[in-house]
Amino acid sequence: MVQTEAHPDPAGGSAPILVASNRGPVSFTVEDDGSLSLKRGGGGLVSGLSAIEDADAVWVCAALTEGDRTAARLAPSGRLDRAGYDTGGQAVRMLDIEPGTFARAYNGVANSTLWFVHHLLYNTPTAPTFDDRFRKEWASYEAYNTAFADALAEEAAPGATVLVQDYHLTLVPALLRARRPDLRIGHFSHTPWAPPEYYRMLPDDVARDVLTGVLGADRAAFLTRRWAEAFADCCEAVLGATTSRPADGDLTVLHQGRTTRIGVHGLGADADFLRERAHRPDVDSRLAGLREAVGDRKVVVRVDRTELSKNIVRGLLAYRHLLRTRPEWHDRVVHVAFAYPSRHDLPEYREYTAAVQRVAQEVNLEFGTERWQPLILHVQDDFPRSLAAYRLADVALVNPIRDGMNLVAKEIPVVSDAGCALVLSREAGAYAELGADSITVNPYDVIATAEALHQALSMPTAERTDRCKRLAAAATALPPQQWFLDQLHALD
Ligand code: F6P
């Protein structure tokens, strides 16, 4: 079991607000001449944090690549800002965790175990198996979480607020509370949470440690009420905790004399940023290229990381079924599918990428003609090209098996030039806000998904425009900056 005894070192640092996440706002690459080049990342947390104008805020993250490690080692105490890097507004402390420990924590526990549990991804007759190897991975996960807790305890000013992110760092809230009881600690899960009967696959002690780790926070928050309820269900079933669940407002979990509030903050799309960015010249030129490829045909767009939970293969099978059963769409539709590389250290992800490419090729072989390529698949990340596809979309296909939120479902209606219809899995967190104006699908049902695509492609223009307006309004109800501030204020 992970050690959470208090280490009375109240000295701390000077940061009044801290964020902790595995992936930080910047990453480094070692160039051929040995120099380091820095790339700034995007995403909800980066734009969220831009809402606070406190130069003393500190973001603690892990070094993920060799370039990151070199930068972290060269910077005083891993503080990239003190080494003169432009980290984008706030100070960044990058932790150089021993590579083996990091890999076992990130690949072994976070991405192969907790991610699989929360997204219901196991093929249970063969996996998971919790053996000696897993125990070594788990010990590394504890060490990795401890490194974060130590760094946060060192950087935080007395009474500071700390927002800990995601399934990588579930043990940090309890570890940090033991070190610094004066802090206000929040934890935010960007993933779904598993239902108790699935969650209980974890070894009993691990299942307990993850829950009590998160409960070390004053407030644990989720993207939807559904995931918050699932967390509370697990606390009841695994820990015997007592919960209260008012219809609106925070849930609470009472365990061993401490109460943790459980909140919900549905991260929205950043409309201002997206609309401005989607009309820059680099997007326009890619849009012209895509337009030439699709001609005057209708366009079904999907953009995902090549992620098992995104259900890309079934999406392609649904498109194939549409073309098999509805020949009226031949030569009248193109599916633009962007599936960007992700987590290629894991064999399941490499195999999945190959399966996506294979099925895409089969579709083109079966239906393609000299003048019509029914499916355009790209597997290299290109953000401006994604925005160009968003603009072009007549139909957006978002069919995950399970997803914390799915921001693509929120972004496409905001950006699409002519208004799009949304085919949306009922298992995406975004369904809670967008379900009413989307065409809902069961992600496992390929025939029903094909039918939903047909319905979306056939939707009258006026209805599509109206629905898209409402989708865009719902999608932008809680922009990233407000999402972040709400969490800070809820901890006041
Ligand atoms: O939803 C969990 C999450 O951490 C997201 O915030 C992010 O989009 C994704 O997983 C990225 O995963 P990774 O850092 O492993 O590429």
Side-chain angles (χ1 to χ4, degrees), residues 19-28 39-49 59-65 68 94-95 97 102-121 141 144-145 148 163-170 172 187-194 210 214 220-224 226-227 230-231 265-270 303-312 338-350 352-353 379 381 383 386 398 400-411 427-430 480 483-484 487:
V19 167
S21 66
N22 174 63
R23 188 177 289 277
V26 289
S27 62
F28 294 87
K39 204 172 140 210
R40 298 264 304 277
L45 206 51
V46 171
S47 12
L49 206 60
W59 188 328
V60 179
C61 60
L64 308 182
T65 63
D68 289 358
M94 194 175 255
L95 305 180
I97 296 166
F102 174 78
R104 286 187 292 275
Y106 175 65
N107 291 323
V109 176
N111 288 345
S112 297
T113 306
L114 298 179
W115 182 273
F116 273 55
V117 166
H118 291 316
H119 292 85
L120 320 183
L121 291 178
Y141 183 80
Y144 156 94
N145 273 254
F148 271 83
L163 293 176
V164 181
Q165 310 297 313
D166 239 346
Y167 60 103
H168 313 91
L169 301 178
T170 56
V172 167
H187 184 274
F188 195 91
S189 292
H190 296 257
T191 61
W193 197 272
V210 167
V214 174
F222 295 85
L223 286 162
T224 68
R226 182 178 174 192
W227 313 139
F231 177 78
H265 302 273
L267 176 63
D270 192 343
V303 177
D304 298 288
R305 286 188 298 116
T306 311
E307 161 56 54
L308 312 181
S309 62
K310 302 292 181 188
N311 206 22
I312 303 169
F338 295 164
Y340 300 139
S342 183
R343 303 185 186 167
H344 268 211
D345 286 341
L346 304 183
E348 292 92 336
Y349 282 68
R350 295 197 294 274
Y352 194 68
T353 304
V379 293
D381 193 359
F383 184 56
S386 296
V398 180
I401 289 171
R402 198 168 161 93
D403 210 334
M405 173 57 75
N406 199 298
L407 275 182
V408 173
K410 292 189 163 181
E411 289 169 352
E427 305 304 326
W483 169 82
F484 186 82
Q487 291 175 64

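Every number for a ligand or one of its atoms is a count from 1 in the order of the listing.
When every heavy atom of F102 is checked against every heavy atom of A62, the shortest pair comes out as CE1-CB, 3.9 Å. The minimum heavy-atom distance between H344 and Y349, with the atom names listed, is NE2-O, 4.0 Å.
Contact atoms of ligand 1 toward R23: 13 (P), 14 (O), 16 (O) (distance under 4.0 Å to a heavy atom of the residue). Of all the atoms in ligand 1, the ones that sit under 4.0 Å from a non-hydrogen atom of Y106 are 13 (P), 14 (O), 15 (O), 16 (O).
Neither the backbone nor the side chain of L45 comes within 4.0 Å of ligand 1, counting heavy atoms alone. Contacts between Q165 and ligand 1 below 4.0 angstrom, taking non-hydrogen atoms only, are absent altogether. Contacts with ligand 1 closer than 4.0 Å are made by side-chain heavy atoms of W115 only, the backbone lying farther away.
In this structure, the salt bridge (Lys or Arg N to Asp or Glu O under 4.0 Å) partners of R226, at least two apart in sequence or on a different chain, are E427.
In this pair, Y106 and H168 present their aromatic rings parallel. The plane angle is below 30°, not in the 30 to 60° band. Between W193 and F231, the ring planes lie perpendicular to each other; the angle is over 60°, past the 30° to 60° tilted range.
By the 4.0 Å heavy-atom criterion, E307 is excluded from the residues contacting ligand 1.
Remark: atom 7 (C) of ligand 1 lies closer than 4.0 Å to no protein heavy atom.
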